[in-house]
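Below: one structure, written as structure tokens.
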Amino acid sequence: ASPDFTPDQTRSDSEPPRSTVATLADRWDIRPDHTWLRGQRPEHTVRFDEDGSVNIYGYPEAVKVLTNPQIFSNDVGRLFLDEGVDLDEKVQEGSLLQSDPPAHGKLRKLVSRAFTPKTIADLEPRIVALTRELLDQAGDQGTLELVGALTYPLPVIVICELLGVPASDRDLFKKWVDRMEQSASALLDDEVDDENVDVAAANRYVPEMHEYLAAQVAERRRNPKDDLLTSLVQAEVDGDRLTDAQVLNFANELLVVGHATTSALLGNLVLCLDAYPETAARVRADRSLVPGAVEESLRFLSPVAAIYRATTKEFELDGHHVDADRLVRVWVGAANRDPRQFTDPETFDPARDPNPHIGFSHGIHFCLGAPLARLESIIALNMLLDRYPELSIDPADPPTFMALPDAIGVATLPLRTG
Ligand code: HEM
């Protein structure tokens with residue numbers, strides 16, 4: 001970090017203020033509208049937009065929404081459909097994220113039979129080897145663009161390994177993930193210049209990828225292997241199994257929800273450590289702090305900044321009346337800095353314990369991939385610290401950020417590595 005910057009002047013004996021740039025968010029101009037990243041509390045914990053949608057900024061209010069799926073449904077897509085348009089149920093089949101109880105519980109139970117803590121833990125040696133391989137490829141010239149070198153490719157390759165996609169087909173997945181992200185940016189961000197993104201081409205990944213995955217699923221039914229696709233095909237609860245469409249949509253969902261998020265987490269973690277050099281030195285010297293640093297960066301700079309729900313009926317939330325069929329945005333990033341829940345919320349503290357952040361959501365939709373995201377991040381950070389004496393941002397070559405409006409994460413992160 002440059003010597004004239006301290007991200008947070010409200011704290012701290014250990015990291016004295018060094019400049020007029022008050023926060024990490026200001027320093028890199030991260031989401032100017034996310035004022036909570038700048039130490040400001042939203043005036044109200046619940047706020048209505050003119051269109052009747054609801055914004056939740058407080059921690060207890062967020063938990064109330066996330067633990068009440070009967071009123072706050074994950075089937076948000078229906079709010080955006082023009083009247084008379086039927087959702088293609090086939091696309092939703094197998095999606096945990098878009099389903100509500102009781103279907104969600106049944107699906108999650110089935111998928112959890114395959115996606116177990118042991119499945120994840122067994123990946124550890126492969127993640128170590130892949131991280132080493134990627135960093136070896138990047139070389140050691142005293143600088144490293146972290147996203148291109150590591151945080152973008154690693155999660156895709158790991159999901160491919162997990163599913164059992166042959167290594168020779170990994171490049172196909174990388175291409176699909178690129179397109180997926182282009183098409184999501186074009187869809188969600190008004191500022192993305194559609195002329196620069198061939199949206200039609202970007203969207204073609206969907207049928208191509210489905211066709212590929214369908215063939216892989218059929219193959220697993222004929223020739224079971226030791227991989228997640230096979231476990232998904234074979235998983236059984238009370239005599240029920242997943243259909244082919246459910247298996248392939250779920251595999252697709254893993255890529256959609258497990259890629260940009262993990263990449264963002266790793267980048268944000270390094271961004272936080274760069275901003276707090278003394279804390280970074282402590283983590284470097286005492287690696288038992290690494291898991292805590294991962295959790296704290298999920299709280300401090302939550303990659304998923306907002307979680308969406310749709311109200312199924314009218315209700316009262318802390319004295320506010322909300323109609324049915326309204327969009328609810330749970331601002332995870334704001335709730336994770338609620339002083340009613342977190343002591344010194346503006347302090348980046350890897351030793352924070354307990355740290356009940358909701359960066360992975362809360363309740364029945366709690367991120368199924370959290371153990372994997374944690375494992376990848378812990379391995380990657382340890383290896384970065386082992387390899388490079390320095391991991392700092394050159395202010396002359398600042399990071400850039402993802403265009404998605406509800407995500408916070410670097411798109412490029414050039415580092416000086418010593
Ligand atoms: C759900 C965040 C990585 C798989 C979620 C949700 C959040 C989240 C916020 C819940 C959304 C909601 O409540 O509507 C993250 C973050 C990650 C990450 C911040 C990385 C830092 C992963 C990975 C995978 C994964 C690596 C798998 C490979 C899932 C799945 C769900 C989910 C399957 C749906 C669970 C359900 O609806 O029951 N994630 N995720 N995630 N995540 Fe993650």
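Both counts, for ligands and for their atoms, begin at 1 and track the order of listing. For the single chain, residues carry numbers from 1 onward in sequence order. No hydrogens, no waters, no symmetry mates; every other heavy atom, side chains included, goes into these values.
- The proximity of Glu376 to ligand 1, defined as any non-hydrogen pair under 4.0 Å, does not occur for either the backbone or the side chain.
- Considering backbone and side-chain atoms alike, Glu253 places every N or O at 3.5 Å or more from each N or O of ligand 1.
- At the shortest separation from atom 28 (C) of ligand 1 among protein heavy atoms lies Leu372 CD2, 3.7 Å.
- Looking at ligand 1, you won't find any N or O of Thr262 less than 3.5 Å from one of its N or O atoms.
- Closest of all the heavy-atom pairs between Ile127 and Thr131 is O-OG1, 2.6 Å.
- The protein heavy-atom contact nearest to atom 29 (C) of ligand 1 is Val257 CG2, 3.4 Å.
- The shortest N/O to N/O separation between Arg108 and ligand 1 falls below 3.5 Å.
- For His44, the NE2 atom counts as loosely surrounded, since its 6.0 Å shell holds 12 or fewer non-hydrogen atoms of other residues, nucleotides or ligands.
- The shortest contact between atom 17 (C) of ligand 1 and any protein heavy atom is with Thr261 CB, 3.4 Å.
- When non-hydrogen atoms are compared, ligand 1 lies under 4.0 Å from the backbone of Leu97 as well as from its side chain.
- Using a 4.0 Å heavy-atom cutoff, His362 is absent from the residues neighbouring ligand 1.
- When heavy-atom distances to ligand 1 are checked against a 4.0 Å cut-off, Ile364 comes that close only through its backbone atoms N, CA, C and O.
- Protein heavy atom closest to atom 31 (C) of ligand 1, with residue, atom name and distance, is Leu368 N, 4.0 Å.
- Taking the ring axis of Phe342 as reference, the NZ or CZ atom of Arg352 does not stay both within 45° of it and closer than 6.0 Å to the ring centre.
- Looking only at protein heavy atoms, the nearest one to atom 42 (N) of ligand 1 is Cys367 SG, 3.2 Å.
- For the salt bridge (Lys or Arg N to Asp or Glu O under 4.0 Å) test, residues two or more places apart in sequence or in another chain that qualify with Arg220 are Asp227.
- Shortest contact from atom 23 (C) of ligand 1 to any protein heavy atom: Gly258 CA, 3.4 Å.
- Shown here are the ring pair (Phe, Tyr, Trp, His ring centres under 6.0 Å) partners of Tyr388, two or more places apart in sequence or in another chain: there are none.
- The shortest contact between atom 14 (O) of ligand 1 and any protein heavy atom is with Arg309 NH1, 2.8 Å.
- Within a 6.0 Å radius of CD in Glu316, other residues, nucleotides and ligands contribute more than 12 heavy atoms.
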